Protein chains: 2
Amino acid sequence: MRFEAPESLSEQIAQHIGQRIVVRSLKPGERIQELKVAGELNVSRGSVREALLILERRHLVEIYPRRGAVVSELTVSSVNALYDIYIDLLCMLGRKVLERWAGHELNGLAAQVRNHGSLLGELSPSGNDPERVIEAGFDLVRNACGMVENPFLQETLENFRPAISRTYYMVLESRPGEAAETGALFQKLAEAAMQSDAAQLQQVIQQYGEHQRKQILTILTEENA
Amino acid sequence: MRFEAPESLSEQIAQHIGQRIVVRSLKPGERIQELKVAGELNVSRGSVREALLILERRHLVEIYPRRGAVVSELTVSSVNALYDIYIDLLCMLGRKVLERWAGHELNGLAAQVRNHGSLLGELSPSGNDPERVIEAGFDLVRNACGMVENPFLQETLENFRPAISRTYYMVLESRPGEAAETGALFQKLAEAAMQSDAAQLQQVIQQYGEHQRKQILTILTEENA
């Protein structure tokens with residue numbers, strides 16, 4: 001692989017390494033050696049350092065003084081901490097969408113939610129495409145963010161995206177039927193939004209988040225058994 | 001100024017520039033030139049780039065491809081967006097503290113809250129020390145984070161600290177009596193925590209946040225008049 005556009009070199013490197021962490025070809029706890037990566041990608045050590053700072057911001061690596069960068073761990077407590085804050089941020093996003101927009105103005109978003117639900121429902125267990133499912137889910141979050149116009153909330157959610165992608169990827173890989181099951185939840189999400197029912201919307205988001213959290217914790221326990 | 005410990009060089013540079021942004025000797029919208037800063041501080045351009053990435057994460061600068069780094073703006077809408085998410089995160093923190101700990105286990109934290117309240121109350125308008133007031137407030141947040149043990153929530157709150165410091169600094173500088181006024185709110189915070197009253201705690205946090213937001217928006221309007 002060769003990288004070209006100099007302006008976003010560190011971002012490109014970050015996305016390359018980040019993708020390897022999401023699909024777990026780089027394992028939790030694994031060290032990332034600046035010099036080795038720089039050699040493999042034929043880029044400067046400085047660009048790799050910048051990429052690692054970007055990945056730290058995205059919760060995929062941890063940088064320790066003297067020890068360098070390590071792929072962030074996936075443990076019961078780190079998954080719980082991640083889902084605690086992410087579910088809460090999504091609830092905040094849902095609330096803010098409804099504060100700003102009336103039900104009839106949410107037609108577009110609701111249609112997208114329904115389409116995503118159908119996409120999930122149609123996926124046959126054998127034709128599973130984790131990356132497509134994950135991308136569709138985040139497109140929804142991004143569009144909701146666009147409606148809320150809070151760059152801080154958007155950035156905070158974006159920074160959690162890779163870490164959530166990693167756990168969601170685990171679920172979709174080891175539970176091929178899982179994508180379909182979540183389809184129904186997306187229908188409920190669309191309904192709550194159309195009815196401008198903030199309490200219901202938050203309940204559905206929480207239900208969805210808790211469902212996913214439970215899957216991941218089960219998989220983690222199986223892996224460690 | 002000279003920088004020495006090589007391991008945390010970029011962090012040191014970030015703190016140095018960050019402090020200048022907080023006290024507004026570097027103004028919102030002002031460009032930060034890598035080469036100039038590198039020359040002034042006698043450090044490499046790479047270290048300055050890393051420092052700017054750290055400051056971007058802390059919401060104090062924005063980095064644009066080709067244009068470089070700019071001190072993040074302070075506008076009505078950016079202040080509103082910042083306080084929307086920060087108040088929400090503090091409410092989340094308050095809820096989690098009460099979920100994990102019973103009232104009598106909160107004695108230490110409540111005492112700290114009360115001390116902070118007294119500190120604010122005792123400050124005479126003339127003897128105002130914005131940095132001490134701000135630091136005491138964030139110590140409280142940090143201790144509450146320590147009780148909740150969610151590294152993601154802690155990191156997210158820490159990353160907002162410099163941006164909140166900048167706005168709080170503005171308030172304390174232009175409203176010398178303001179520190180004392182917030183003392184009473186801290187007493188209410190301690191009471192709600194001791195009574196394990198999550199709804200009341202969130203209401204007090206919101207009240208405090210809204211009060212501060214209002215001050216800043218008023219000052220911004222005055223400055224632009």
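Below, read A as the first sequence line, B as the second, and so on, with proteins coming before strands; counting in each chain starts at 1. Since the model is a prediction, treat every value here as computed from it, not as a measurement.
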Answer with side chain, backbone, both or neither: which region of B:F160 has an atom nearer than 4.5 Å to a non-hydrogen atom of chain A? side chain
Spatial distance of atom CD (A:E155) from atom CD (B:E56) [nearest 0.5 Å]: 6.5 Å
Using a 4.5 Å cut-off on heavy atoms from C-beta on, say whether the side chain of A:D84 contacts that of B:L153. no
I'd like to know which of A:E11, A:E149, A:H59 tops the heavy-atom pair count under 4.5 Å against chain B. A:H59
Kindly determine whether B:R57 and A:L53 satisfy side chain to side chain contact (heavy atoms under 4.5 Å, CB included), including the steps that lead there. CA-CA 9 Å; B:R57 180 193 312 181; A:L53 277 173; 3.7 Å; yes
Looking only at heavy atoms and a cut-off of under 4.5 Å, which of B:L82, B:T156, B:I54 has the most pairs with chain A? B:L82
Heaviest contributor of heavy-atom pairs below 4.5 Å to chain A, chosen from B:A81, B:G46, B:P151, B:S77, is B:A81
What distance separates A:N150 CG from B:N80 CG, expressed to the nearest 0.5 Å? 9.5 Å
